[in-house]
Amino acid sequence: MASTVDMTASSQSSQNLIADVLVIGGGPAGCWAALCAREAGATVILAEKGYVGTSGATAAGNSSIIDAAPGAPRDKAIAQREAKGLGLVRADVVDRVLEETYIQLNRLADWGYRFPTIEDGTPWRGSMRGVDYLRFLRQRLIKNGVTILDQSPALELLTSDGIVSGARGVRRVDGEGWQVKAGAVVIASGGCAFLSGALGTRNLTGDGYLMAAEAGASFSGMDFTGQYGIAPLHCSVTKGIVYYWATFTDEAGTIIGGKGDRQDAVAAGLKNGRVFAVLDKASPRVQSGMRGQPNVFMPFDRQGIDPFTQRFEVGLLYEGTVRGNGGLIVGDDTATEIPGLFAAGDAASREAMAGASSGGGGPNSSWAVATGRWSGVNAANFAMKIGLMQAKRISRGAGGADLRAVGSAQADANEVVIAIQAETLPLDRGFWRTADRLNASAAALDTVWQDALDLQHRIDPIRAREILAMAATARWINASARQRKETRGIQRRVDIPGTDPEQSGSILSGGLGAIWAGSSRAKRQESRP
Amino acid sequence: MIELVSDTRCIECNICVKACPDNVFDAVPNKPPVIARKADCQTCFLCELYCPTDALYVSPIMDADDPVVEQDLIEAGLMGGFARAMGWSNAKPRGTHTDPTYRMFEDRNP
Ligand SMILES: Cc1cc2nc3c(=O)[nH]c(=O)nc-3n(C[C@H](O)[C@H](O)[C@H](O)COP(=O)(O)OP(=O)(O)OC[C@H]3O[C@@H](n4cnc5c(N)ncnc54)[C@H](O)[C@@H]3O)c2cc1C
Ligand code: SF4
Ligand code: SF4
């Protein structure tokens, strides 16, 4: 799909910039990457689709994080991760992530972030309100001299002789193009939740996955994506922790219980009809703790509901790879398979950290900090080896994005989005998977992919690329879920309910026109067209 | 979704235009910003934090219009309620050290 436009000769971009390191996406992973690349001596540009500080899942959601000091607390945290990971977690990786998180949380405190103190005087660093945390990081970035491009989605990578050499995109506000030539690029564009409405996920359409795949990168863990968040009906607020103290009932008031976690109970209830919740198990002290996260109460306070005594109706919103685990394959240094390209946070596969279960509630935030830092430092080192040469390289767009396209085919675009969502959002697609349904989805998604390609020159480039990225991500998820012929964690194959000890490895996937998925790189070579 | 930009409270600083993650507002010369792309609003409430004058109101309903009357919201104490609860004022977080979230974790045995 490589475009033949030579960007050095092109005057398409109104804004032509050069940096050692370009970071794409300004959630926690991208902020830490930019900060640490800058500290390593690199010049850094951070390009963000929305606004650095309010965009992404952490900004709107929250950031429970694993604060585990070396010794007994660390060992306990690692053991917990291993138990929840169902065979895919790597203890050495968890240890490194938690060590890095511990160090960076200490640095945040040193820089003046005011963490709360528990009544007995112990400092608490186990959670930060996302928007507080990111606003603080934004100030730090500015202070350290990182150039921030807000409202500037990246739309495709640039490559030079097989090495990633920058990216280009469009400014949302005036539609003007921008281009950054860089010695190394960090993809930190978060996961993909298919515009389900889950809190903070509007911008998380898998753009970074698409861009990286166009440059030749591939994925792991796309099967561990059967992840949904509980929210009051018609509301975005998928803050799952409070439902730990919930009683779920059906319309008649009968309690819905059963095996599994909170999401399982709600999903089981939704199969038979409507589901209601009341947070009646929360003690006054726990209730006061919940008030620490005021977004939890927006749906209640603004609709006159007392969630501790009154039943309210709930639903499940798909969170895909945001609180699921699939993402780009990275090495321990966060390098992708493509030279010059690094990945951090939800853009990278989190199997080593979260395994087969959701990484929400701590593992993902910790992963974002640690991989953010590693990718920043390693990208800076990579870029500095290339040095001044980089600005002279001839670079090409790797994705054929049409930055100049203007939109009139909005109705067609909406139809393609609905078609993608039909194969991803429903519980009988994402939550409970069967071979028959997955096969039917695979066929539907082949058509959708063509439709999404056809849209590329007929609507505005930002939306066109978002739709293509969602179509591609849906296909990697589908192919991976078909390939894992067992149930494990958040891959629930109702046609194969057991876990097979032989299948404790990762499922890799990739490709654009022709999709592949397999248990090893060897398999991947075989199935390549 | 975002339902209200209060003409009486807005001081036309355009911070919300810049800080909305979904580019929902458009700036208008010498006037309060307009809600230009409501369908893109992700119902995150964050513009309310960044508004220095509590001039914005986000309805928790994400998938349908939810018309509001400013006077009713004021009387119900809802204008600026999110910012107050978060300890934000003047577009800055000032309440991180008073966040009692840890109390939830005391009662969990994860
Ligand atoms: C409601 C909710 C609550 C959560 N709570 C927790 C928790 O308590 N603990 C925990 O561990 N995990 C939690 N998670 C998961 C956690 O939020 C994510 O793992 C975390 O945000 C990942 O950080 P990130 O920087 O990789 O991605 P994000 O924070 O999602 O940031 C990605 C950024 O990339 C930008 N972007 C996307 N495409 C482009 C593009 N083309 N060009 C430029 N920029 C782009 C986006 O706008 C966004 O700002 C929660 C998730 C949700 C949805
Ligand atoms: S609620 Fe969020 S997305 Fe909607 S207008 Fe406010 S900041 Fe923008
Ligand atoms: S942030 Fe508030 S005061 Fe400033 S322009 Fe927006 S609504 Fe008006």
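Lettering follows sequence order; numbering is per chain, from 1.
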Hey, does [Y] have a side-chain heavy atom less than 4.5 Å from the side chain of [X]?
X	Y	value
A:Phe136	B:Thr96	no
B:Asp66	A:Gln303	no
A:Glu119	B:Arg103	yes
B:Phe105	A:Ser64	yes
A:Arg135	B:Trp88	yes
B:Phe45	A:Val237	yes

Inter-residue atom distance [X].[atom1] - [Y].[atom2], 0.5 Å rounding:
X	Y	atom1	atom2	result
B:Thr101	A:Arg291	OG1	CZ	12.5 Å
A:Arg302	B:Leu78	CZ	CG	6.0 Å
B:Thr43	A:Met298	OG1	CE	13.0 Å
A:Leu199	B:Gln42	CG	CD	7.0 Å
A:Asp132	B:Arg94	CG	CZ	12.0 Å
A:Lys49	B:Asn23	NZ	CG	11.5 Å

For chain B, find which of [options] contributes the most heavy-atom pairs closer than 4.5 angstrom.
options	answer
A:Ser288, A:Ala282, A:Gly61	A:Ser288
A:Gly362, A:Cys235, A:Ser283	A:Cys235
A:Val286, A:Val131, A:Val242	A:Val131
A:Gln151, A:Met128, A:Gln287, A:Glu48	A:Gln151
A:Asn203, A:Thr54, A:Leu195	A:Thr54

Segment of [X] engaging chain B (4.5 angstrom heavy-atom cut-off):
X	value
A:Ala59	both
A:Asp150	neither
A:Leu317	side chain

Query raised in the report: Using a cut-off of under 4.5 Å for heavy-atom pairs, which of B:Cys47, B:Ala27, B:Ala19, B:Cys44 has the most such pairs with chain A?
Result: B:Ala19
Report summary line: Answer key: most heavy-atom pairs under 4.5 Å with chain A among B:Leu49, B:Val58, B:Asp22 is B:Asp22
Take atom [atom1] in [X]; do more than 12 heavy atoms of anything else shown fall under 6.0 Å from it?
X	atom1	value
A:Arg114	CZ	no
B:Lys31	NZ	no
A:Asp120	CG	yes
B:Lys38	NZ	yes

Query raised in the report: What's the shortest heavy-atom distance between A:Pro299 and B:Pro60, and which atoms?
Result: CA-CB, 3.6 Å
Report summary line: Closest heavy-atom pair, A:Ser55 versus B:Pro21, reported as atoms and distance to 0.1 Å, is CA-CB, 3.7 Å
**Report entry** Proximity breakdown for B:Cys20 and chain A, heavy-atom pairs closer than 4.5 Å
**Finding:** backbone
Requested in this report: Tell me, for B:Ile61 versus chain A, whether the close heavy atoms (under 4.5 Å) come from the side chain, the backbone, both or neither.
Outcome: both
Requested in this report: Check the angle between the aromatic planes of A:Trp124 and B:Tyr102 and answer parallel, tilted or perpendicular using the 30° and 60° thresholds.
Outcome: tilted
